Chemist: 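My questions all concern the structure below.
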Amino acid sequence: MAIKVKRKRRGRGSSAPQSTLTGEAEEVLNRALERIQPRPDRKTWKLMVMGLARQRAIETYMEEFLEEHVEKVGWEWGALWITHIHIAEHGLVDEAMEMYQLLAETFPLNYMTEMSQSRLHRDFTGEYYVARDHINVAQTLWPDGCEAFYQAGILYDLMGVPEYAFAMADRAYGLADQFGDTSYKLKARISFNQAVAMWQAARPYGDIKAYLRRALEDWPEYERAQNFLDSLPEDDEADPRGRSAMQRFTDDIRRNMQQPSYQIIEPPQAEDNDDEEG
Amino acid sequence: MSDGEAQQAEAPFVLPTQVAVARYLQMKVESILNTPYQVTGEMSPVAHCLQESGDAEETAELLNLPEDQHEIAIDLLEDALEGGDLEEVYGLRGGALNILMPMAHEEQDRVLYAIEEELEGAPELSAFLHAPNELFSALTPAEVWVGTGKIEMALADLFLRQSWLELKEKSFPAPGAANTEWLSRLRLWSYNPAQVQNYRGRVVDLIKQERRENLASRVEWSEARGIDVMFKPLE
């Protein structure tokens, strides 16, 4: 009597299920799957996506996103989404661009995908205007996403526009509580960044100090803010003409400086930004 | 040692991207055109072109520049004779504060786009020309148009040499990453007092002030020649 060998069934239910994507898109997906371990499949992709979303404090957005696009996103999207985030963070530009292309053309646009793409351009390609455009898309997709405003502040600082950096950071501060127990550190960093932006825009030292003090209220051990505060001169508030020490300094230029270098410009998405002092 | 390596060893600094190199060349020619020389009658080439020759080629010939710089000079002088064109401020313009930025394209300018799409008015466009612009590190389009001055060029050369000395041994995962490191330094440098004799004040303020003064002079020379300058400062 012949012995029957029970063969293991391959394909269905394995870690690499059949994809509905074809041609070049399938090849991109396969390359993405080779880059990730464990591989998302039909059973696990949602759990994996939400796990990563929790780490980034975007679970509220992602729950709504998955609910809204339930018929359009599945394990293929999940695999690409997770892999793209990691690949972009590691600066693998070509692979990340390839995955982004597929995500953007085949699936609904996603906040986190746009944020990853923005950081990729800021940190690895030096295309700062493209980075700005991805952040703008992210802000449209989720107007309450703290990270998009926080990162926009950093980007505008790099682009040499401190007023915009300040305004974006201001919006981020109002949304920072979505980071839960760790939000106090983020809030302190945002206040510090705002103080730096004010220093860059030659605002009065009294205003700069107010933001540094706010940073230290949120996180008393924040050494960087304390050091910056300690380095600022004392006499600014006593200035009888109400002008900043920095402006007085620039008045000493041999040329005649009639106007401050900058004007404060309101942020584009500042309509409901009334909970924090500007 | 290869030719490229030998060239690099001799260069006072090496810039992180090709765009930065092209921007540097543009900045250099702009500063030449805004600096007085004996060959142009103790006036700047721009002043010579607007006040004396009225001919871009004729003025540029006096400078005896290498071919690539000569071509840039002709374009800039012709633009000055025409009173300016908004298209001219995009691309590689913007001097020291923008040397590490990518190419700027007109369609990336959201403020201009909003004006063209919604406002459609001369007063709005005029205000736009004199408002700090995020594409130009908060310089106004008018300040970009007038070009780099000699003080700005001297400051930029010092900064680039110093940065190269400090960064040349450092390795980066991509040219863009190196550029971002350079750019962070550029911003810090620009908000601090300039370390140059005879000048006091923050680098960014010195640069803007020099550009404003050059703009005022250029408008004066142009108007004397009957040229209507698009970037004329607001009253």
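Given the structure is predicted, the values throughout are model-derived calculations rather than measurements. Each chain gets a letter, A, B and so on, in the order its sequence line appears, and its residues count up from 1.
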Chemist: What are the two closest non-hydrogen atoms of B:P102 and A:E127, and how far apart are they?
Modeler: CB-OE1, 3.6 Å
Chemist: Quick check: closest heavy atoms across A:A202 and B:R202, and the distance to 0.1 Å?
Modeler: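 Heavy atoms only, the tightest pair is CB-NH2, 3.7 Å.
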Chemist: Could you check B:E134 against A:Y129 for side-chain contact (heavy atoms from CB on, under 4.5 Å), going step by step and ending with a plain yes or no?
Modeler: CA-CA 9 Å; B:E134 66 180 41; A:Y129 306 134; over 6 Å; no
Chemist: From A:L158 CG over to B:L183 CG, what is the distance, rounded to the nearest 0.5 angstrom?
Modeler: 4.0 Å
Chemist: Is A:R122 close to chain B through its backbone or its side chain, or both, or neither, when contacts mean heavy atoms under 4.5 Å?
Modeler: backbone
Chemist: Tell me, with the steps shown, if A:V161 and B:S137 meet side-chain contact (heavy atoms from CB on, under 4.5 Å).
Modeler: CA-CA 6 Å; A:V161 197; B:S137 305; 5.9 Å; no
Chemist: Near A:R31 CZ, under 6.0 Å, is it more than 12 heavy atoms from other residues, nucleotides or ligands?
Modeler: yes
Chemist: Working to the nearest 0.5 angstrom, can you tell me the gap between B:R110 CZ and A:N136 CG?
Modeler: 4.0 Å
Chemist: Say you draw a straight line from CE of A:M159 to CG of B:L100; how long is it, rounded to the nearest 0.5 Å?
Modeler: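 Those atoms lie 13.5 Å apart.
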Chemist: Do other residues, nucleotides or ligands put more than 12 heavy atoms under 6.0 Å from B:E107 CD?
Modeler: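 Yes - once you tally the heavy atoms of other residues, nucleotides and ligands closer than 6.0 Å, there are more than 12.
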Chemist: Nearest 0.5 angstrom please: B:T180 OG1 to A:H121 NE2, how far?
Modeler: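 These two atoms lie 12.0 Å from each other.
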Chemist: Does atom CD (B:E223) have a neighbourhood of more than 12 heavy atoms from anything else shown, all under 6.0 Å?
Modeler: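 Count over threshold, so yes.
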Chemist: Which pair of non-hydrogen atoms, one from B:A138 and one from A:G160, has the smallest distance, and what is that distance?
Modeler: CB-O, 3.6 Å
Chemist: Could you walk me through whether B:L135 and A:R132 pass side-chain contact (heavy atoms from CB on, under 4.5 Å), step by step?
Modeler: CA-CA 11 Å; B:L135 282 196; A:R132 175 202 66 175; 3.9 Å; yes
Chemist: Under 3.5 Å, is there a donor on one side chain and an acceptor on the other for B:N179 and A:Y128?
Modeler: yes
Chemist: For chain A, find which of B:P16, B:S190, B:A104 contributes the most heavy-atom pairs closer than 4.5 angstrom.
Modeler: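 Greatest number of close heavy-atom pairs with chain A: B:A104.
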Chemist: Pick one of side chain, backbone, both or neither for B:A194, based on which atoms fall under 4.5 Å of a heavy atom in chain A.
Modeler: neither
Chemist: Are there more than 12 heavy atoms of other residues, nucleotides or ligands under 6.0 Å from atom NE2 of B:H105?
Modeler: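 Atom NE2 in B:H105 is crowded, with more than 12 foreign heavy atoms closer than 6.0 Å.
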Chemist: How about CG on A:D94, more than 12 heavy atoms from neighbouring residues, nucleotides or ligands closer than 6.0 Å, or not?
Modeler: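 Count not over threshold, so no.
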Chemist: Can you measure from CZ (B:F172) to CG (A:D123) and round to the nearest 0.5 angstrom?
Modeler: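 Here the interatomic distance stands at 12.5 Å.
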Chemist: Within the 4.5 Å heavy-atom criterion, are B:P175 and A:F124 side-chain neighbours or not?
Modeler: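 No, every pair of side-chain atoms sits at 4.5 Å or beyond.
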